[in-house]
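Below you'll find the structure, written out as structure tokens, and then a few comments.
Below, chain A is the first sequence line, B the second, and so on; all start at residue 1.
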Amino acid sequence: MNLTSTQKAPNPSLVTPHFVIGGFSIVLVSFILMLNPEILIQHYFNPTLLAATHLLVLGFITMICIGALYQLIPVILDVKLHSEKMGWFTLSLLSIGIIFLVIAFWNFNFRFIFYLAATFIILAITIFKVNLILTAKKTTQNSLEKKFILTAVGWLFLTVLAGLLFGINLSNSYISISHLELLKLHSHIGIFGWFIQLIMGVGSRLFPMFLLSYEADKKPLKIAFITINAGLIIGALSILFSLKIGIISAVILVIIAVLNFSRFIYKTYINRAKKKLDVGMKKSVLAIAFLIIPLILAAVNLLSPNNSIEFNTSMALLYGFALLIGVISMLIMGLTYKTLPFIIWLKEYKNVIGKQKTPLPKDLYSEKIQKFQLLTFIIGFWFIVIGILFSMILIIQIGTIIFFVASILYFINVIKIVTHKTILL
Amino acid sequence: MTNIVSTPTDIQILNSLKSVIDPELMVNIVDLGMIYNIKVNNSTHLIEVEMTLTSKGCPLGDVIMQHATEVLKAQYPAFSSSINIVWEPSWNPSFITEEGKQQLE
């Protein structure tokens, strides 16, 4: 018998902890930034910022991406997740690994605790990767979404491996390339190979679905898939072999990929039948529009390479902040409202739908909190961006306080959704 | 005495199905253009509905079908119902009625 997506969905008890851990992590990240605003004007290679960044990218972004993928696999690939047990192993190992990793960075300790963290994280990601490959094997379809997702998971695996090698190199220097160049390699394959590529794969399916827009030509997505991966491979090799021209080519290829993906989303957006957007969708569309900021920063950096170290450092910080917070975190927060309430709503009400009057998925969280969260998030983001740009600590401090409020509001709504208990009207 | 059961018309059934709302889009499935065909068999007392979903793999497909079944059961207790999901023709926004479009704006 052909199962429907609802029947193929994993047990909500596997998916929801990812959102709770993710929500708690972003609160911790914003708390660290609020207490240490000066780290946003120092060089980015400092222990506190490295700890906060890894908590953000692994504890918040990757954690929610993994949880959401378990839920979205039946929607995108039309198959059931291969193993929920493997999902539980990934969740447990990754959570423990993140705690050790943050402690290691906080203390700038690249010995025992770092290796322990790396072991847990690599194991977690390996299990996740195998689980997804075995899941993908169940389907004969060879869609672009499937290629994006599997390639993204491949880059995630390479990112954590590169992170381990980088960490080993910090304590026992064995590679002649500078730490900052290695950091560029590690962060770019993580950001563009894993996050942005995953966003492209999942977004190319979800945006048309939520906006009721199926007119957009998929050719830009094909170009995006080829150019982003070509750019990442050329970029990684060029960093390893110090080839300046290769790095420039890689940046251009990645920019072409992002522009093509943005073009697809733009076409989807203007052809949408659903004109009125909810807050979750507004946030997601805005996040894609914000992609222009890091692109401009990358182009500026590429075209004016002979600036002062201070200027280059603040540009690099701004670039990372705009990508990780302005684009990826905002998109994750937006899409949380398009996944989590439905997961809980189905769990609580699927047996009584049509028999009794029930609340709607949007009734599971506070829309007021959601709107205020979007507002504080955007204000906090721009305060921090301006603060970094002009090295103004007071502006950064105000921005981080507002950003902390936004993170708390997000977490409150996540908790409100996951603790929802059946109400029959 | 013979028990006379009045046969529901397609229009009546469509009107009944208007109470089934897509929980994500907040528009009923009739105005979304998801109902393709309705057959009422008087001799077997069966209502057959052919419908589609706005996308393959729609995570809410099950609950929408369940809701439609419950509505038909409640409105036409003398009839049993069968809801079949079909993918041809594949749904596109041009199937949305004017009323549906207004609700999406």
Over all heavy atoms of both residues, which pair between [X] and [Y] is shortest? Give the atoms and the distance, please.
{"X": "A:W345", "Y": "B:P23", "answer": "CH2-CG, 3.5 Å"}
{"X": "B:P59", "Y": "A:M209", "answer": "CD-CE, 3.8 Å"}
{"X": "A:V352", "Y": "B:Q66", "answer": "N-NE2, 4.2 Å"}

Quiz prompt | Any residue meeting ring-ring contact (aromatic ring centres under 6.0 Å, His included) with A:Y269, in chain and number order, not counting sequence neighbours | solution =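 So A:Y269 forms no ring-ring contact (aromatic ring centres under 6.0 Å, His included) with any residue.
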From [X] atom [atom1] to [Y] atom [atom2], the distance as rounded to the nearest 0.5 Å:
{"X": "B:K56", "Y": "A:Q141", "atom1": "NZ", "atom2": "CD", "value": "9.5 Å"}
{"X": "B:L104", "Y": "A:K275", "atom1": "CG", "atom2": "NZ", "value": "9.5 Å"}
{"X": "A:M281", "Y": "B:E24", "atom1": "CE", "atom2": "CD", "value": "8.0 Å"}

Practice problem: Check whether A:R272 gets within reach of chain B through its side chain, its backbone, both or neither, counting any heavy atom under 4.5 Å. | Solution: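 Neither part.
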Self-check item: Toward chain B, the part of A:V79 with a non-hydrogen atom under 4.5 Å
Solution: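 A:V79 has no heavy atom closer than 4.5 Å to chain B.
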Do other residues, nucleotides or ligands put more than 12 heavy atoms under 6.0 Å from the [atom1] atom of [X]?
{"X": "B:Y36", "atom1": "OH", "value": "yes"}
{"X": "A:K85", "atom1": "NZ", "value": "no"}
{"X": "B:K101", "atom1": "NZ", "value": "yes"}
{"X": "B:K73", "atom1": "NZ", "value": "no"}

Quiz item: Looking at B:V71, B:L25, B:I21, which one has more heavy-atom pairs under 4.5 Å with chain A than the rest?
Solution: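 The option with the most such pairs is B:L25.
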Self-check item: Contacts of residues 80-98 of chain B with chain A (heavy atom under 4.5 Å)
Solution: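 B:W91, B:P93, B:I96 fall under the 4.5 Å cut-off.
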Quiz item: Of B:V63, B:L60, B:D62, B:V20, which is the lone residue that meets side-chain contact (heavy atoms from CB on, under 4.5 Å) with A:I353?
Solution: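 Testing each of B:V63, B:L60, B:D62, B:V20 against A:I353, the sole residue satisfying side-chain contact (heavy atoms from CB on, under 4.5 Å) is B:V63.
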